[in-house]
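Fair warning: this is a prediction, and the values are worked out from it, not measured in the lab. All values below come from the heavy atoms of this structure, side chains included, with hydrogens, waters and symmetry mates left out. Throughout, protein chains are lettered first and strands after them, A, B, ... in sequence-line order, and every chain is numbered starting at 1.
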Amino acid sequence: MPEVRTRFAPSPTGYLHIGGARTALFNWLFARHSDGKFILRIEDTDRVRSTKESIQAIFNGMEWLGLDWDEGPYFQTERFDIYREYIEKLIAKGKAYYCYCTPDELKEKRTLALAEGRKPKYDGKCRELGRPKSSDPHVIRFKTPMSGTNRVCDMIKGEVKFENSELDDLIIQRSDGYPTYNFAVVVDDITMGITHVIRGDDHLNNTPRQALLYEGLEYNCPRFAHVPLILGSDRTRLSKRHGATSVMAYKEAGYLPQALVNYLVRLGWSHGDQEVFSRDELTEKFSLDNVGKAAGLFNPKKLLWLNAHYIKEEKPENLSRLLIPFMEKRGCRVKDDETLQEITLLLRERSKTLAEMADSSEFFFKDEVEYDRKAAKKFLKPDVMDIFQTLIERFGNLQTFNQDTIETVFGEVSAEMDLKVVKIAQPVRVSLTGSTASPGIYEVVAILGKKKVIDRLRSAIVFIENRGTPSNC
RNA sequence: GGUCCCAUCGUCUAGUGGCCUAGGACAUCGGCCUCUCACGCCGAAAACACGGGUUCGAUUCCCGUUGGGACUACCA
């Protein structure tokens, strides 16, 4: 068996999007599973739409997802000599020809054909003419066989048949001398020794043209595998309309790369009933045999669930490091210390994203607690001032300020005042966090520390005292 | 319009002719746990698009219908 060689070949006309990422992932997994090579090739022959920023965005996305490549990146714009060489070969063999038809002429013919209900194929005018090369503007076209059936054996779709008569003579070199997509892809895949072309379903219709090109160039076709597309919730191609489609947007929203990888791989591929896969498990178990044929709808809720899962699984020390940029974005300057790790430990059970985790840990670091209106109205009432006062005293007297001693204080106060713990915990929670929902109150008190807790309880008392006066309402 | 692809719970899927009273997961709904919120646990509801064949037997194989999608450029 020759070595497996796969490639990911994005065009740098935007960020790395969800669909592209999955294609890259499948190629990467297939190569890693087979101990083969994964190659990155940038298809930048569209000089109007290709940008440097997009190239960088693709690199960033791949790096974040952990999709490392063994060869490349190759750039098509640096390979013109190679394409020219192959075009010359085709011309020499009489398999390609110069075409001097103008874009306007072609457009006219196309509209006419459409109006008459015919197929808008190129009519082959210059194929008959056989004009030699000249300095007049021209493209180069490939002579497509007029008849015959073309069979492509796809590893996912099975055998797909196309009639050659449906195809026309495709342009392989544009008038500006640039090769076109279908031609450059074939030459690249040949010269890079690609054995498996794994790509989106949307390329299935290109495959017969490319197969013909392989034939014309006298090379064997690689194996093809057309992966079904990812659709938005309205069942059309995933696009910006459907929300975030950029891989890096998920990083910024606080997703973990392993969650996105796990989600993407399970969308279209399965291994029995298993839902969660480590990276090692994926490279071990991935196979094209278990890739489904039908398009899949992108389901943000399931991705969110997976993200929550991976957050729960992540070590507190890693989480605290990942959390810092999110805290800074919220104006909290935090150190990656033991306290932050304790906080992430509390919050990892209750956060679906790092952004959410940052939101719910803000109160630990803010100087002033901002009370949620409803929460304050319900729990910060005159009858709790007594409780707060007692707690301030008891906490003040504690030699050891930890979860156990704090819990004991709550227990004692609840017994002495004949109040259920919840009647104490909720007002305290609001006074310390501003909200009715937070991690366990003993943990929160312990992490905040004696001074902050007492300060915040005092502020709450002041808040309650001032509430009666209209100026503070 | 033409070409091609596709079709199991709302969604991702298991299922490769009898193991199917169709399994799992997300989401939804109920319950338990509990200092709140989550987490976790338990449970419920929820699908083989339709019509013909083939077969002793079809979710599974074949054909058609319907529905959805992709492509249809001197873009990739």
Within the structure shown, what part of the strands sits under 4.0 Å from A:Lys161 by heavy-atom distance: base, sugar-phosphate, or nothing? sugar-phosphate
With sugar-phosphate meaning primed atoms plus P, OP1 and OP2, does A:Arg348 contact a base, only sugar-phosphate, or nothing at under 4.0 Å between heavy atoms? nothing
When you measure only distances, ignoring hydrogens and angles, does the side chain of A:Ser175 come within 3.5 Å of the base of B:C74 through a donor and an acceptor? yes
What is the nucleic acid contact for A:Arg110, judged by heavy atoms within less than 4.0 Å: base, sugar-phosphate only, or nothing? sugar-phosphate
So does A:Lys302 pair up with A:Glu275, basic N to acidic O under 4.0 Å? yes
Side chain A:Arg429 and base B:C35 donor-acceptor under 3.5 Å: yes
Gap in Å between the two P atoms, one belonging to B:G18 and one to B:A58, rounded: 12 Å
Please state how far atom NZ in A:Lys107 lies from atom P in B:A73, giving the value in whole angstrom units. 12 Å
Categorize A:Ser233 for me: base, sugar-phosphate, or nothing, with a 4.0 angstrom heavy-atom threshold over every strand shown. nothing
Footprint string (nucleotides 23-32 of chain B, 5' to 3'): B base within contact, S backbone only, - free, heavy atoms under 4.0 Å: BBBSS-----
Under 4.0 angstrom, heavy atoms only, what part of the nucleic acid is A:Pro439 near: base, sugar-phosphate, or nothing? base
Whole angstrom value for the distance that separates P of B:A73 from CG of A:Asn205: 11 Å
Would you say the base of B:C75 and the side-chain of A:Arg49 have a donor-acceptor pair closer than 3.5 Å? yes
Just checking A:Ser438: base, sugar-phosphate only, or nothing, at a heavy-atom cut-off of under 4.0 Å? base
Using a 4.0 Å heavy-atom cut-off, does A:Val421 contact any base of the nucleic acid, only the sugar-phosphate backbone, or nothing at all? sugar-phosphate
Distance below 4.0 Å between A:Lys293 side-chain N/O and B:C6 OP1 or OP2: yes
Using a heavy-atom cut-off of under 4.0 Å over every strand shown, decide if A:His203 touches base, sugar-phosphate, or nothing. base
In whole Å, what separates the P atom of B:G64 from that of B:C4? 12 Å
P gap between B:C33 and B:A47, integer Å: 32 Å
Whether A:Trp269 and A:Phe286 hold their rings parallel, tilted or perpendicular, with breakpoints at 30° and 60°: tilted
Touch check for A:Ile441, heavy atoms < 4.0 angstrom, all strands: base, sugar-phosphate only, or nothing? base
With sequence neighbours left out, what residues match A:Glu215 under salt bridge (Lys or Arg N to Asp or Glu O under 4.0 Å)? none
In terms of ring plane angle, is the pair A:Tyr100 and A:Tyr98 parallel, tilted or perpendicular, where the classes change at 30° and 60°? tilted
Using a heavy-atom cut-off of 4.0 Å across all strands, would you classify A:Gly440 as base, sugar-phosphate, or nothing? base
Could you tell me whether A:Asp44 contacts a base, only the sugar-phosphate backbone, or nothing, with contacts defined as non-hydrogen atoms closer than 4.0 Å? nothing
Tell me: NZ of A:Lys119 to P of B:A73, nearest whole Å? 10 Å
How would you label the contact of A:Lys312 with the nucleic acid (heavy atoms, under 4.0 Å): base, sugar-phosphate, or nothing? sugar-phosphate
Does A:Thr207 make a side-chain N or O approach to OP1 or OP2 of B:C4 shorter than 4.0 Å? no
Atom CD of A:Glu166 and atom P of B:G1: how far apart are they, to the nearest Å? 15 Å
Could you check whether the rings of A:Phe395 and A:Phe410 sit parallel, tilted or perpendicular, using 30° and 60° as the cut-offs? tilted
How would you label the contact of A:Gly268 with the nucleic acid (heavy atoms, under 4.0 Å): base, sugar-phosphate, or nothing? sugar-phosphate
Distance, C1' atom - from B:A49 to B:U55, rounded to whole angstrom: 23 Å
Which base sits across from B:C26 as a Watson-Crick or G-U pair, both distances under 3.5 Å? B:G10
Gap between atoms CD1 and P, on A:Ile156 and B:C4 respectively (whole Å): 20 Å
Which is true for A:Tyr442 with a 4.0 Å heavy-atom rule: it touches a base, it touches only sugar-phosphate, or it touches nothing? base
Distance check: side-chain N/O of A:Arg350 vs OP1/OP2 of B:U36, anything under 4.0 Å? no
